[in-house]
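For reference, the structure discussed in these notes is given below.
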Protein chains: 2
Amino acid sequence: MIQCVKCGQVDGIMKAGYVRAKQRYLCKWCNYYFTHSEKDDSIQSLVKRKRHQTTIIDIAKSLGVSNSTVSRALHGHADISPETRQAVLDKAAQLDYQPNQLAYSLVKSKTNTIGMIVPEFQNQFFPNVIIGAHEVLTEAGYNLTIMQSNESYQVEISNTKAMLANRIDGLLISLTQETNNFDHLSLFAKRGIPLIQFNRVCDQIDVPKVVVNDFEASFQAVEHLILNGYERIAHLGGPLTLQVSQERLRGYRAAMEKYGKPIEDHMIIQGMLTQQKARIYGQYLLELTHRPDAIFAVNDSSAIEIMLMAQEKGISIPDELGVVGFSDNAESAYIGPGLTTVRQPTLHIGRTTAEWILQLVDAEEILLNEKRVLSTELIIRGSSRRCG
Amino acid sequence: MIQCVKCGQVDGIMKAGYVRAKQRYLCKWCNYYFTHSEKDDSIQSLVKRKRHQTTIIDIAKSLGVSNSTVSRALHGHADISPETRQAVLDKAAQLDYQPNQLAYSLVKSKTNTIGMIVPEFQNQFFPNVIIGAHEVLTEAGYNLTIMQSNESYQVEISNTKAMLANRIDGLLISLTQETNNFDHLSLFAKRGIPLIQFNRVCDQIDVPKVVVNDFEASFQAVEHLILNGYERIAHLGGPLTLQVSQERLRGYRAAMEKYGKPIEDHMIIQGMLTQQKARIYGQYLLELTHRPDAIFAVNDSSAIEIMLMAQEKGISIPDELGVVGFSDNAESAYIGPGLTTVRQPTLHIGRTTAEWILQLVDAEEILLNEKRVLSTELIIRGSSRRCG
DNA sequence: AAAAGTATCGGTAACGTTTGCGGAGACGTT
DNA sequence: AACGTCTCCGCAAACGTTACCGATACTTTT
C-alpha cells in the first residue's frame, strides 16, 4: 500500500508517529522517514493562487528568449539587436508589464527613494517644504516617502526604523520638540545612509544641516519693534531643546542688549507651543501687572492667538501691544491689522535639502558638519507699525 | 604561458578574439573558449565593496544556526526553544539588525504600504486629509507614500506607474483637473490592487469613492445668500471635468430655481481656478454692467481673491457684495469681515478613506461603485450676513 | 586559413526573506 | 519491539531582477 518515496519498497514500511497532523512512516530498508501527503489540490490550489503580475520571465517565455535578454532590452543596454529589443518592448506593452521595483531595489541595493520625516502638518511650513523637495526629487527620478512624527519622540523612532527597513537612499528629517536623544539618527551614519537635518536641527550630531538665519531674523524682528518705540518686549519662544529656539532667543537678547533694553527673565517663555499652551502663556503675559508692550513669538499661530486674546481684552494693536510672529502663514496677512512676521523660504528649503541629499547619495564621502543657511525676510504689517 | 582553465594544457592555446576588452583564448584540446582575467583586485575590490547591512544570515552564522531558525525566532513563530529565541533576539540587537522590507515584500507580495496621490499641496485641504489618513494607517502598521501630481495629467500617470512599480497594497487618489482619461486607473483593477477615489472623483470608472455632499452644501450656501437678500448671484465654479464642480453647479441651480431667481449663463463661470484665473474671472464679474450682488465661489482662495478685489474697487462687503467660499481655509476666518464658507471634514475624509482601503486590502472581493458621502457644515461669517 | 574582431544571446549566481516539509532525538505507551 | 507524540531545527525553493561571464555564429583582417 504505502511505498517508500526513496527506495520504492512496499514491505517493511512502519508507522512512525504523526507530524503536523500527517501520518509519518519509516522505511526499514533505507531507514528514511517520510510522510504520506494526500494531495487535496482540488480547491486549495484555486484559493491560494495569487494574482499574477506579469514579470520579465513571462515576456521571456512568450518570446522564447532569456530573462537577461529581456532585462537588457527593457533598459536599453547594449548587446541587443534592434529587432529583439522592439519585440520585447512590444510584448511588454501588450502584457501591461510593470517592473517590480522591489526586486530591482533588492539586487541593486538602491531604492531611488528619499524619505522625509516632519514633526507636523498643521502649519503650512512643512507642506511647503515638501512641495519644494518633491519638485526636485521627481525631476531626478526619485520618489519621496513622507512620514509624520506628530511631535512625538517615540513616533519619530518608529518612523526612522521604518525608513531603515524600507532601505531608503537618504533621509531628510526635521526633529520633534521632544527629541533629545539621537541614537536613532546615528544608525544612519553607521549604515552609510546620508541624512540631512533641516529646520529643527540639533548640534549634538554631525550631519549636514539646512537652516535659516534664525539669529539675524530674530534680531531684525526685535530691532524693528524697538525702532517702532516698543520698550518692554516679551519673547514667546519654543522649547530650548530645539536649536531654532536657542538661536531666536539669542537674536532677541542681542537686539535688546544693543539698544539697552532691560531683559527680564519672566518676560521670556520657552515651551512647547501648541494652541492651548500659547493661550496659557499669552494669558500670563497679558495679565502681568507690568504688562509688556510688545511680544515676539516664535511662530505665527502663537502670535495670532495673542492678537485674538488682546482683541478680547480690548488691548489695541499696534498701539498698546506690538506683535511679531515667525513664518508668514497664509492667514497672517489677513488677520486684524496684519501680522508682522518673518517669512521663511519654505520652497527653497525643500529644494536645497533635496538637491543636497541627491549629491550625498552619489557621493563617495560626506562632508559632515556643513550647514547651509538660507535667508529670511521680515514682512512688516500693521501689528507692529506704531506711528512712533 | 597561458593555461587552459579546463584541461590545464599549455600548448595549443590559440587567441580567439577579444570580448569586452579582454583577450579571449581557445583551447584546441578541449575546444573550450575562455578569457584570461587578469584580476586587478587590488583597489577595485575595495572601491566596489558595498556597505554591508547586517542580515538574518549574519545572525545565523554568528550563532551557528540556520536562517530559518533566525527568521522564525524574530517573528515569534512556533517551533523555537525559548533559549534560542532569546539568543537570536540578543544577537539581533547587538548587531543592530534591521529587517529588509524589500526582501520581505518580494517574497510575501505585500508591501504594507498605501499610496496616495493628491493634485496639490497649496490649499490646506489635502494636507489635512493626509493627517487623517496617516493617523489610521500608522496605527494599523502601514506606511503611507505620498505623491503629488501638481494638477498635471502626465505627472499623475507617471505617479501611478511609480506606485505600481513599488507594488503598493492600495491607492488613494484625488484626480487632476486635467484628467479625463482613466486607463491608468483601470490598471489597478486589472491587477487586483484596491483603489479609492476621494474628493476629486469621476463617475466614468467603477471604484469606491469618498466625497462630501457637494450638492446639498452648495444648495445651502446659495440658499443662505438668497435668504440674506441677495438676488443676482454669480457662480465661480471649477472645471466641469470634475464631478465636484458639476455637483456644486447643480446645487447652485437648484437653489436659484427653488427661489425663482433668474439663472444667467454669463454669471456662471467654470474653469481651472488658479490664483491668476480667479483674478481674471473676478475682474470680469465685478465689471459687468449689471454687476452680481453676490458670488458663490468653489474654493476659498478664489473667494478671498474676490474679496480683495472688491476692497480695491471700493465695493463694500457684505452690503454691496456677498461672498461665500468653499473649504474653510485657515485664513478665511481672519480676512475682512470673515468669509462665509463650507467647512469640509478633511480629517474625517482622510480617516474614512484609510480605514476603507485597509478593509479592501484584506477583502476577498470588492464592492465596486459604492460611494460614501460625508457631511459638510456651512460656516456663516461676515461676508454674507446682510442685515436684510 | 589562421587569427582577430563583432554582434547577439544564454546561464546563473547573487540580493534577503519566508515557509513548507522533512529529519532526528527524547520520551512515553502499548 | 512497535508505535505515538512532542520539540526543535535545517534544507531548499521561491519572490523578480540584474550583471558577470561565457558561448555561438558570423565577418574581417593578416
Side-chain angles (χ1 to χ4, degrees), chain A residues 5-6 14-26 28 31-35 37 48 50 52-60 63-75 77-85 97-110 165 167, chain B residues 5 14-26 28 31-35 37 50 52-60 63-75 77-85 97-110 165 167:
Chain A
V5 295
K6 205 161 188 177
M14 301 179 305
K15 292 193 175 180
Y18 287 96
V19 57
R20 263 178 284 272
K22 281 184 196 166
Q23 180 59 256
R24 184 147 154 270
Y25 299 94
L26 172 61
K28 293 187 79 167
N31 197 37
Y32 184 73
Y33 285 90
F34 61 93
T35 57
S37 45
K48 287 200 102 181
K50 276 186 297 194
H52 183 71
Q53 315 242 126
T54 65
T55 77
I56 271 189
I57 304 177
D58 297 325
I59 301 176
L63 246 54
V65 298
S66 76
N67 340 353
S68 24
T69 302
V70 177
S71 174
R72 279 190 291 250
L74 289 174
H75 289 68
H77 279 198
D79 281 10
I80 294 288
S81 74
E83 301 81 38
T84 313
R85 185 199 316 284
Y97 171 74
Q98 283 294 332
N100 188 325
Q101 176 74 29
L102 298 171
Y104 173 89
S105 299
L106 183 59
V107 62
K108 301 270 282 188
S109 320
K110 186 161 192 319
R167 298 294 192 268
Chain B
V5 296
M14 302 179 305
K15 291 193 175 183
Y18 286 96
V19 56
R20 262 177 287 273
K22 281 184 197 165
Q23 181 59 256
R24 184 147 153 273
Y25 300 94
L26 171 62
K28 294 186 80 168
N31 197 38
Y32 184 75
Y33 284 91
F34 63 94
T35 57
S37 45
K50 276 186 297 194
H52 182 71
Q53 316 241 127
T54 65
T55 77
I56 270 189
I57 304 177
D58 296 325
I59 301 178
L63 247 52
V65 297
S66 76
N67 351 356
S68 28
T69 302
V70 176
S71 173
R72 279 191 279 253
L74 289 174
H75 287 70
H77 280 198
D79 279 9
I80 294 289
S81 74
E83 299 81 39
T84 313
R85 186 197 315 285
Y97 171 72
Q98 282 294 332
N100 189 327
Q101 176 74 29
L102 298 170
Y104 173 89
S105 299
L106 184 59
V107 60
K108 300 270 282 187
S109 317
K110 185 158 194 319
R167 298 294 193 267

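Every chain is numbered from 1 and lettered A, B, ... according to where its sequence line falls, protein lines coming before strand lines. Values in this document were obtained by computation on a predicted structure and should not be read as measured data.
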- Donor-acceptor side-chain pairing of S81(A) and T84(A) below 3.5 angstrom: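 T84(A) and S81(A) do have a side-chain donor-acceptor pair below 3.5 Å.
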
- Query: Under 3.5 Å, is there a donor-acceptor pair linking the side chains of S66(A) and T69(A)?
  - Reply: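 Looking only at side-chain atoms, T69(A) and S66(A) do form a donor-acceptor pair, the distance falling under 3.5 Å.
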
- State, to 0.1 Å, how close Y97(B) and L74(B) come at their nearest heavy-atom pair, and which atoms those are.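 Looks like CE2-CD1, 3.6 Å.
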
Of the candidate nucleotides [options], which contains the atom at the shortest distance from the side chain of [X]?
X: H77(B); options: dG16(D), dT19(C), dT17(C); value: dT19(C)
X: V107(A); options: dA19(D), dT17(D), dG10(D); value: dT17(D)
X: N100(B); options: dT17(C), dT18(C), dC15(D); value: dT17(C)
X: V65(B); options: dG16(D), dG10(C), dG10(D); value: dG10(D)

Grab the [atom1]-[atom2] distance between [X] and [N] for me, whole Å please.
X: Q53(B); N: dG16(C); atom1: CD; atom2: P; result: 9 Å
X: D79(A); N: dC21(D); atom1: CG; atom2: C1'; result: 12 Å
X: Q101(A); N: dT18(D); atom1: CD; atom2: C1'; result: 13 Å
X: R72(B); N: dC9(D); atom1: CZ; atom2: P; result: 10 Å
X: N67(A); N: dT18(D); atom1: CG; atom2: P; result: 10 Å
X: I57(B); N: dT18(C); atom1: CD1; atom2: P; result: 11 Å
X: I56(A); N: dT18(D); atom1: CD1; atom2: P; result: 5 Å
X: K108(B); N: dG16(C); atom1: NZ; atom2: P; result: 20 Å

Looking at [N], I'd like to know if its phosphate oxygens (OP1 or OP2) sit under 4.0 Å from a side-chain N or O belonging to [X].
X: S71(B); N: dT19(C); value: no
X: S66(B); N: dG10(D); value: yes
X: Y97(A); N: dT17(D); value: yes

- Want to settle it: does P82(B) or Y104(A) sit nearer the 5' end of DNA chain D, counting the closest nucleotide to each?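 Result of the comparison: P82(B).
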
- Message: Quick check on side-chain contact (heavy atoms from CB on, under 4.5 Å): which of D58(A), I59(A), I56(A) does N67(A) satisfy it with?
- Response: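 Passing option: I56(A).
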
- Query: Contact class for T84(A) vs. all strands (heavy atom < 4.0 Å): base, sugar-phosphate, or nothing?
  - Reply: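 Sugar-phosphate, no base atom in range.
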
- Touch check for S68(A), heavy atoms < 4.0 angstrom, all strands: base, sugar-phosphate only, or nothing?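 Base contact - S68(A) has a heavy atom under 4.0 Å of at least one base atom.
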
- Task: Could you walk me through whether R167(A) and N100(B) pass side chain to side chain contact (heavy atoms under 4.5 Å, CB included), step by step?
- Result: CA-CA 7 Å; R167(A) 298 294 192 268; N100(B) 189 327; 3.7 Å; yes

